[in-house]
Amino acid sequence: MSKKNQHVVPSGKNWAVKGAGNSKATRIVKTQKEASGIAREIAKNQGSEMFIHGRNGQIRERNTYGSDPYPPKG
């Protein structure tokens with residue numbers, strides 16, 4: 001399984017969970033909260049990142065679930 005970052009994006013009146021670079025949504029749900037939960041679980045399983053976009057398309061939240069080197073060693 002590849003490590004694809006997960007994006008929560010608006011989809012009409014609904015919200016979609018999309019893997020980075022995918023043209024089709026993984027899931028489409030009614031609320032941003034529900035989409036965020038789904039994206040979070042996928043990102044945790046893959047060790048990737050999750051991006052939550054607002055209705056205007058801008059990223060408003062970002063979470064890393066992989067091996068984040070922060071704080072850096074050294």
Side-chain angles (χ1 to χ4, degrees):
M1 181 180 292
S2 64
K3 290 185 174 186
K4 278 196 175 181
N5 293 334
Q6 299 299 310
H7 293 262
V8 174
V9 296
S11 178
K13 291 182 179 181
N14 298 315
W15 290 88
V17 177
K18 284 182 137 184
N22 291 356
S23 58
K24 291 178 72 177
T26 304
R27 290 274 304 272
I28 297 176
V29 294
K30 294 273 185 205
T31 66
Q32 187 182 46
K33 183 177 182 177
E34 186 179 358
S36 297
I38 293 165
R40 182 175 295 108
E41 288 305 311
I42 294 169
K44 281 182 180 180
N45 289 338
Q46 294 181 355
S48 61
E49 290 188 83
M50 175 186 73
F51 298 88
I52 300 174
H53 298 256
R55 281 272 176 213
N56 62 3
Q58 290 185 329
I59 295 171
R60 63 177 198 85
E61 188 177 330
R62 176 182 183 169
N63 293 296
T64 303
Y65 296 101
S67 55
D68 190 4
Y70 190 82
K73 295 180 181 178

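With rounding to the nearest 0.5 angstrom, the CG atom of Asn56 is 4.5 Å from the CD atom of Gln58.
The backbone N or O of Asn14 sits nowhere less than 3.5 Å from a side-chain atom of Ser11 that would complete a donor-acceptor pair. Side-chain atoms of Gln46 do not come within 3.5 Å of backbone N or O of Lys44 as any donor-acceptor pair.
Of all the heavy atoms in Gly54 and Gln32, the pair that sits closest is CA-NE2, 4.5 Å. Counting all heavy atoms, side chain and backbone alike, Ile52 lies closest to Ser36 at CD1-OG, 3.5 Å. Contact detail for Asn5 and Ser48: the closest heavy-atom pair is OD1-CB, 3.7 Å. In plain terms, the two heavy atoms of Gln6 and Ala43 that are nearest each other are CG-N, 4.1 Å. Thr26 approaches Gly19 most closely through the heavy-atom pair OG1-N, 4.0 Å. Taking both residues in full, the closest heavy atoms of Ala35 and Val17 are given as O-CG2, 3.4 Å, listed atom of the first, atom of the second, then distance.
Using a 4.5 Å heavy-atom threshold, the side chains of Glu34 and Trp15 count as separate. At a threshold of 4.5 Å between non-hydrogen side-chain atoms, the residues Lys18 and His53 do not count as touching.
When the side chains of ILVMFWY residues are joined at heavy-atom separations under 4.5 Å, either directly or via intervening members, Ile42 and Val29 end up in a single hydrophobic cluster.
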